[in-house]
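First the structure, in the form of structure tokens, and then the observations on it.
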Number of protein chains: 2
Amino acid sequence: MKELTIQQKKVLQCIKFYIKKTGFPPTRADICRELGFKSPNAAESHLRALEKKGYITIENGASRGINLTENTAEKSQSIPVIGLVAAGSPTLADENIEKHIPYQESLFLSDFDYFLRVKGLSMKDAGIMEDDLVAIKKTSEVRNGDIVVARIDDEVTLKYFQSSGNQIKLIPANDDFDEIYINKETEGFFIEGKSVGLIREN
Amino acid sequence: MKELTIQQKKVLQCIKFYIKKTGFPPTRADICRELGFKSPNAAESHLRALEKKGYITIENGASRGINLTENTAEKSQSIPVIGLVAAGSPTLADENIEKHIPYQESLFLSDFDYFLRVKGLSMKDAGIMEDDLVAIKKTSEVRNGDIVVARIDDEVTLKYFQSSGNQIKLIPANDDFDEIYINKETEGFFIEGKSVGLIREN
DNA sequence: ATTTATACTGTATATATATTCAGTAAAATT
DNA sequence: AATTTTACTGAATATATATACAGTATAAAT
């Protein structure tokens, strides 16, 4: 999808906000009032640009005939599900996104940034099973005992976090797997975030 | 909330459907077209009746200024969380409802009726931990291997289901707990539903 | 160097839309 | 028995709204 200009983003945000507030889309005049434009044609041309770039559709002749496209409507209120591939870091890049789940406030106690699809049973005894979706909050501030997403070079794992001094232990919750010992300054080591919740879809 | 007449229900359904279809509310003329009325005043008076009864609000002077009230809008549906108390069945009775979670379509693969707050670790090896919320679909049609909510007299448990002939086995996912053997015709035995998903809030 | 896109103001207008008024008729309520 | 509610048709109208046209100016793309 083509990139939007700053003004076009403002207009798109204005439409979303207006719908959220009133339950129906704005008129050209409403947009002008919200954004301080003095001519309805300012709104009109922005709308046509948004339409051309595929962010909205406009029903010609209908009042308030603005419709957010699926991509536009969803992205604002949905959380990406990212696959935990053995080699490769969980980034929000499009190619890693498995699907989107409609966003919901207060689903967990903490806010979070994305879901991680779990592969393997290394955290089995913590009740984290294959194909579970772990809610991840992007942060490097983690405490001992937290379940963290750790990256070592291109390898990404979900483990218990335990640090003492410069030494970090990544502990699996499964006797069949080994603990991983790392130095804080090890190159290529990074804490991506921590688990703040879990969803099992079946 | 006051009861609606058949025609008023039709109009309300028409509004919901129109919004779902187009993304914005209908005009009086739109409603007439959908329901076969020949005068815009037919729609107008139905709308005013719906407003009077509290199902919608109307922004005067604005085109398409129809707004579904919170009760009316389907987005405001919520799912109850029910505590699994040792003695007492999980019913939708108010005293058993811990809280409500905003409803969301397609959160799990199947639809479901309520969340059950898990007590104890009898299903630990199935990745179901203390305080997890198990999504329960109310049904008595369960298959071998399903995780079910079974009631024996006033005791309610979450277990694997296994039946052969008249004999039913309720199997825990934890070696520290014992299997339960029951006859299908046992008085006071009942399958409340089955697990179709799980949420861990932390 | 020229075209296209962005970012507006300002005016004008056909029409889309809400809304009122005048009726008719049956059903429900008081 | 009288009043209110429901359930419409049909006509009229003020105004809300989309949208085209005429400009100005800058930035980006070709």
Side-chain angles (χ1 to χ4, degrees), chain A residues 1-69 72, chain B residues 1-69 72:
Chain A
M1 199 122 72
K2 239 184 168 183
E3 272 290 311
L4 294 181
T5 66
I6 294 165
Q7 282 304 90
Q8 288 167 357
K9 274 181 192 166
K10 273 188 190 170
V11 173
L12 188 61
Q13 272 311 110
C14 171
I15 296 168
K16 286 182 187 175
F17 178 75
Y18 194 97
I19 292 174
K20 202 167 187 179
K21 200 180 63 178
T22 68
F24 42 86
T27 63
R28 277 49 166 181
D30 291 329
I31 295 171
C32 290
R33 202 176 310 114
E34 296 276 347
L35 298 179
F37 301 153
K38 287 174 182 168
S39 166
N41 189 42
E44 176 73 20
S45 43
H46 281 308
L47 288 176
R48 294 299 165 182
L50 286 171
E51 188 189 30
K52 207 172 176 183
K53 289 183 176 178
Y55 288 79
I56 62 170
T57 60
I58 299 173
E59 180 140 336
N60 291 303
S63 69
R64 304 180 188 272
I66 301 169
N67 215 336
L68 299 174
T69 37
T72 312
Chain B
M1 197 121 75
K2 239 184 166 181
E3 271 290 310
L4 294 181
T5 66
I6 294 166
Q7 283 303 93
Q8 288 166 358
K9 273 182 194 167
K10 273 189 191 170
V11 173
L12 188 61
Q13 272 309 112
C14 171
I15 296 167
K16 285 184 188 174
F17 178 74
Y18 195 98
I19 291 174
K20 203 165 187 177
K21 200 180 62 175
T22 67
F24 42 85
T27 64
R28 278 47 167 181
D30 291 329
I31 294 170
C32 291
R33 203 175 309 116
E34 296 275 348
L35 298 179
F37 302 153
K38 285 176 184 168
S39 166
N41 190 41
E44 177 72 20
S45 43
H46 281 307
L47 289 176
R48 294 300 164 182
L50 286 171
E51 188 189 28
K52 207 173 176 182
K53 290 183 176 177
Y55 287 80
I56 62 171
T57 59
I58 299 173
E59 180 140 337
N60 291 303
S63 70
R64 303 180 189 274
I66 301 169
N67 217 337
L68 300 174
T69 9
T72 312

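First the proteins, then the strands, lettered A, B, ... as listed; each starts at 1.
- Residue T5(B) has no polar side-chain atom (N or O) positioned under 4.0 Å from OP1 or OP2 of dT5(D).
- Residue I31(B) contributes atom CD1, which lies 15 Å from atom C1' of dA16(C) at whole-angstrom precision.
- R48(A) has no side-chain polar atom (N or O) that falls below the 4.0 Å cut-off from OP1 or OP2 of dT6(C).
- D30(A) approaches Y18(A) most closely through the heavy-atom pair OD2-OH, 3.1 Å.
- As a whole-Å value, the separation of I6(A) CD1 from dT26(D) P is 18 Å.
- Contact between the side-chain N/O atoms of S45(A) and the OP1/OP2 oxygens of dC8(C) is not found at any separation under 4.0 Å.
- Put simply, CZ on R28(B) is 20 Å from P on dG10(D), counting in whole angstrom units.
- Checking A49(B) against G65(A), the closest nucleotide of DNA chain D that is more toward the 5' end is the one next to A49(B).
- In plain terms, the two heavy atoms of P25(A) and P25(B) that are nearest each other are CD-CD, 4.3 Å.
- Here dT20(C) presents its C1' atom at 15 Å from CG of L47(B), a figure rounded to the nearest Å.
- Nearest approach of L47(B) to I56(B), heavy atoms of both residues: O-CD1, 3.5 Å.
- Picking from dG10(D), dT17(D), dT9(C) the nucleotide with the shortest atom distance to the side chain of S39(A) gives dT9(C).
- Between dC8(C) and H46(A), a contact under 4.0 Å exists linking OP1 or OP2 to a side-chain N or O.
- One finds a side-chain N or O of S63(B) lying less than 4.0 angstrom from the OP1 or OP2 phosphate oxygen of dT17(D).
- For dA7(D), neither phosphate oxygen OP1 nor OP2 lies less than 4.0 angstrom from any side-chain nitrogen or oxygen of K10(B).
- N41(B) contributes a side-chain N or O that forms a donor-acceptor pair with the base of dT9(D) under 3.5 Å.
- Nearest nucleotide to the side chain of Q7(B), out of dG10(C), dT17(D), dA7(D): dA7(D).
- At dT19(D), one or more side-chain N or O atoms of N60(A) fall inside 4.0 Å of OP1 or OP2 (strictly under the cut-off).
- For Q8(B) and dT6(D), the shortest distance from a side-chain N or O to OP1 or OP2 is below 4.0 Å.
- Across all non-hydrogen atoms, the minimal contact from S39(B) to C32(B) is O-SG, 3.2 Å.
- Rounded to a whole Å, the CD atom of E51(B) is 17 Å from the C1' atom of dT6(D).
- Atom CG of L50(B) and atom P of dA18(C) are 15 Å apart (whole Å).
- For dT6(C), one of the phosphate oxygens OP1 or OP2 lies less than 4.0 angstrom from a side-chain nitrogen or oxygen of K53(A).
- The two atoms that bring I58(B) and E51(B) nearest to each other are N-OE2, 3.6 Å, heavy atoms only.
- Here the nucleotide nearest the side chain of F37(B), chosen from dT19(C), dC8(D), dT11(C), is dC8(D).
- We find that CG of L4(B) is positioned 10 Å from P of dT6(D), with the value rounded to whole Å.
- Residue E59(B) contributes atom CD, which lies 12 Å from atom P of dA16(D) at whole-angstrom precision.
- Residue-level contact check: A29(A) touches neither bases nor backbone, having no heavy atom under 4.0 Å from any strand.
- In terms of position along DNA chain D, the nucleotide closest to C32(B) lies nearer the 5' end than the nucleotide closest to the other residue of the pair C32(B) and R64(A).
- Among the nucleotides dT5(D), dT6(C), dA18(C), the one closest to the side chain of E44(B) is dA18(C).
- In plain terms, the two heavy atoms of I66(A) and P26(A) that are nearest each other are CD1-O, 3.6 Å.
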